[in-house]
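Here is the structure we will look at.
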Amino acid sequence: MTDHTASDVLVDRLREWGVEVIFGLPGDGINGFMDALRKRHPEISYVHVRHEEIAAMAAVGYAKFTGKLGVCFSTSGPGAIHLMNGMLDAKVEQAPLLAITGMTYHDLIGTSYLQDVNIDYLVNDIAVYNQRIMGPQHVTNVVDYACRTALAQRAPAHIAFPIDIQAAPADSGSRFQRNVPGHTSAGYQPPVRVPEPALIENAARALSGRTKVAILAGAGARGARAELEEVADKLGAPIVKAQLGKDCVPDDSPYTTGPIALVGSRPSEEALEECDALLIVGSTMPYIEYYPAPGQAVCVQIDDKPERIGLRHPVDVGLAGDAAATLRALSPRLDRNEDRRFLRKAQDGMRAWWDLMAERGTGTDIPMHPQVPAWALNDALADDAIVCGDSGTVTTWAARFIRTRRDQMFSFSGTNCSMAAALPYAIGAQVAYPGRQVVAFTGDGSLTMQLGDFLTCVQHELPVKVVVFKNNTLGLIKWEQMVFLGNPEYGVDMARMDFVKFAEACGARGMRIEDPERCREGLREALAWDGPAIVECVVDEHEPPYPARVKKDQVQKLAAALREGTPNRRRIALQMVKDLLDEASFEASPASSVPRPIGEVGARIADHLRRRADGD
């Protein structure tokens, strides 16, 4: 017998798998594992969070931005349950994650003992690998398979670790004769799939002769920038980006029309509406109504998960393979499309779109439009900055106004759409890249969900900059209630929070920005500070996230919601009228049909009435 425990075996094995950091929160149900971490410090860094959900979400952020295995842990019972949203995020967002949870004593399981929850049963629909350790001789086998499965499937694996087994001597317990020591290994080789040459030829033939080709690129296209742009050039194709693929090509690429769907651009919508061929690369963007109509366009789809091919749109040729490798194989077989009119139209549309975004992003109204700090942030971001977005109206501002550059990275909880993801993603990203600028781009609704974990940044000296939009309302839900259902807003107001005082109370720095005239300067100053900081941007709660094109039913439902008693309905209506009339001279605006002189006069009248409404 030795003092080497089953937990030591587990932690040693994680190190052999290349794990360098683990996120978690201790408790009596995981203390045997904690002692093993203590012995392995600093070979494995431990990031102490304030809430177990943050541990899992930070591990997801770490995995998303590095491609490595993210690892998190919690105590038994409620601690383990708190991890589950992060595990769900890993599954839906395709991030390799290993979650280790405590469990009650192995011979008291099922007796209503303290924190007696069969957590392995609970996570069975979430984890792609899910096992309970049955004894010290079981540890290595389970850890190896869990790590390999999480990496191979880009999904969460879970290990439940009973308290007494954690602290049991490593050489104790029975070992079945077929469980030969050393029969498993810590090794994984990521596959790079390339479809068969015949399928590549079929795809090239399907795209041949098409003069209006659009490319839809998503998270699976990240890391394939050069290949995407080469194929786009050959096909004369605009690249439409699902938001999870925002950084697959930079926003200054001459080929991209930027985002699509609810947060999208007008040129992106037009490209998909008018194309006669669609090349989908690493995307299963869920907003099916924005795809070309069935039968409109021939479709080729590239995805390394064969089960996702044809999931959102009928496919003529499916290519199961890695995006970059498959594009490299496809490009030489493509004929160059000499008809550049479709691409030029998209490029002209994007120039008009960026003019409109600049107009919206440089307004001087007070209260400040939320577009203003989003646009100003571009000048404050480093060339290799990592931006972590969030769910809410901030998703729209990030999609349209943050212009990612070639070495910048961006991600958010895009398919799970979990609120409060920006801060933990940023924690994971900053741990992974300590020398890079990391920004959490969030709203007050999301941030206040997990605000206590700003202290994690302070404790671990992580210089994360949190840019929070403060409008004292759950903005996206408010507009969804009105525009999608025609209902008055209800239950979305929030008590006011002073984020600057909170940051200072944590021992960090804070800045409040209310004046649009000094927004750019303030963001530059705050992002240049050493250490963690919160930048509170006070924005107009009545500014809607306008769609790229306003639809008749949206107008009708909004009008119904205002008639039915939405609070501040006069102020909201005047704000929308003023916004649209202000930009009537811009080609990409929904109000572009309004003659400019009428727009200018109408905007002044609406502004006067809006100011009176603010006074009232």
Side-chain angles (χ1 to χ4, degrees), residues 243 259 261-264 357 360-361 363 365-377 388-402 412-414 417-423 440-451 466-499 512-514 516 519 534-548 550 554-555 557-558 561-562 565-580 610 613-614:
Q243 183 66 349
L262 300 172
V263 301
M357 295 304 101
R360 291 177 176 176
D365 288 348
I366 296 176
M368 183 167 62
H369 292 305
Q371 297 94 323
V372 172
W375 184 256
L377 184 63
C388 302
D390 223 324
S391 294
T393 52
V394 293
T395 308
T396 302
W397 316 138
R400 293 180 177 165
F401 293 91
I402 296 179
F412 76 125
S413 180
C417 297
S418 177
M419 292 179 66
L423 178 58
F441 187 85
T442 186
D444 50 2
S446 287
L447 184 58
T448 51
M449 278 186 167
Q450 299 287 8
L451 187 55
V466 179
V467 177
V468 55
F469 285 53
K470 178 180 173 180
N471 57 10
N472 309 306
T473 186
L474 297 174
L476 183 60
I477 300 170
K478 164 182 171 175
W479 292 106
E480 286 174 341
Q481 288 176 348
M482 293 191 287
V483 176
F484 291 166
L485 296 175
N487 296 336
E489 66 168 90
Y490 179 73
V492 294
D493 290 342
M494 301 189 306
R496 297 176 183 274
M497 171 74 189
D498 190 327
F499 292 99
R512 178 174 297 107
I513 299 176
E514 299 179 88
C519 184
I534 298 179
V535 184
E536 177 187 283
C537 299
V538 181
V539 298
D540 189 350
E541 66 178 290
H542 302 304
E543 178 73 7
Y546 295 102
V550 178
Q554 294 171 333
V555 175
K557 287 178 178 175
L558 177 60
L562 297 180
T566 286
N568 303 298
R569 54 190 178 275
R570 182 165 174 262
R571 172 64 168 77
I572 291 171
L574 289 169
Q575 183 65 55
M576 296 180 71
V577 170
K578 179 185 181 300
D579 285 347
L580 292 173
R610 181 185 68 92
D614 281 340

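For reference, positions follow the sequence shown, starting with 1.
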Next item on the list: Go through the steps to decide whether Val483 and Lys557 satisfy the test side-chain contact (heavy atoms from CB on, under 4.5 Å), and finish with yes or no.
Entry: CA-CA 5 Å; Val483 176; Lys557 287 178 178 175; 5.8 Å; no
Which heavy atom of [X] sits nearest to which heavy atom of [Y], and what is that distance?
{"X": "Arg400", "Y": "Val263", "result": "NE-O, 3.2 Å"}
{"X": "Pro516", "Y": "Val372", "result": "CB-CG1, 4.0 Å"}
{"X": "Leu562", "Y": "Ile572", "result": "CD2-CG2, 4.4 Å"}
{"X": "Ala399", "Y": "Pro259", "result": "O-CG, 3.7 Å"}
{"X": "Trp479", "Y": "Pro545", "result": "CD1-CD, 3.5 Å"}
{"X": "Gly264", "Y": "Ala548", "result": "O-CB, 3.6 Å"}

Would you indicate whether the side-chain heavy atoms of [Y] and [X] approach each other to under 4.5 Å?
{"X": "Gln575", "Y": "Asp540", "answer": "yes"}
{"X": "Arg360", "Y": "Trp375", "answer": "no"}
{"X": "Val467", "Y": "Cys537", "answer": "yes"}
{"X": "Phe441", "Y": "Phe412", "answer": "no"}
{"X": "Glu543", "Y": "Asn471", "answer": "no"}
{"X": "Glu536", "Y": "Met497", "answer": "no"}
{"X": "Ile534", "Y": "Val468", "answer": "yes"}
{"X": "Thr393", "Y": "Pro370", "answer": "no"}

Separation between [atom1] of [X] and [atom2] of [Y], rounded to the nearest 0.5 Å:
{"X": "Asn568", "Y": "Glu489", "atom1": "CG", "atom2": "CD", "answer": "7.0 Å"}
{"X": "Asn487", "Y": "Lys478", "atom1": "CG", "atom2": "NZ", "answer": "15.0 Å"}
{"X": "Cys417", "Y": "Gln243", "atom1": "SG", "atom2": "CD", "answer": "10.5 Å"}
{"X": "Ile477", "Y": "Met482", "atom1": "CD1", "atom2": "CE", "answer": "12.0 Å"}
{"X": "Thr448", "Y": "Met419", "atom1": "OG1", "atom2": "CE", "answer": "7.0 Å"}
{"X": "Met494", "Y": "Leu474", "atom1": "CE", "atom2": "CG", "answer": "5.0 Å"}

For [X] and [Y], indicate whether the former's side chain and the latter's backbone hold a donor-acceptor pair under 3.5 Å.
{"X": "Asp444", "Y": "Asn472", "answer": "yes"}
{"X": "Lys470", "Y": "Phe499", "answer": "no"}
{"X": "Thr395", "Y": "Asp390", "answer": "yes"}

Next item on the list: Any chance you could lay out the side-chain contact (heavy atoms from CB on, under 4.5 Å) test for Asp498 and Arg512, step after step, and finish with the verdict?
Entry: CA-CA 9 Å; Asp498 190 327; Arg512 178 174 297 107; 2.7 Å; yes
Next item on the list: Could you walk me through whether Trp397 and Leu377 pass side-chain contact (heavy atoms from CB on, under 4.5 Å), step by step?
Entry: CA-CA 11 Å; Trp397 316 138; Leu377 184 63; over 6 Å; no
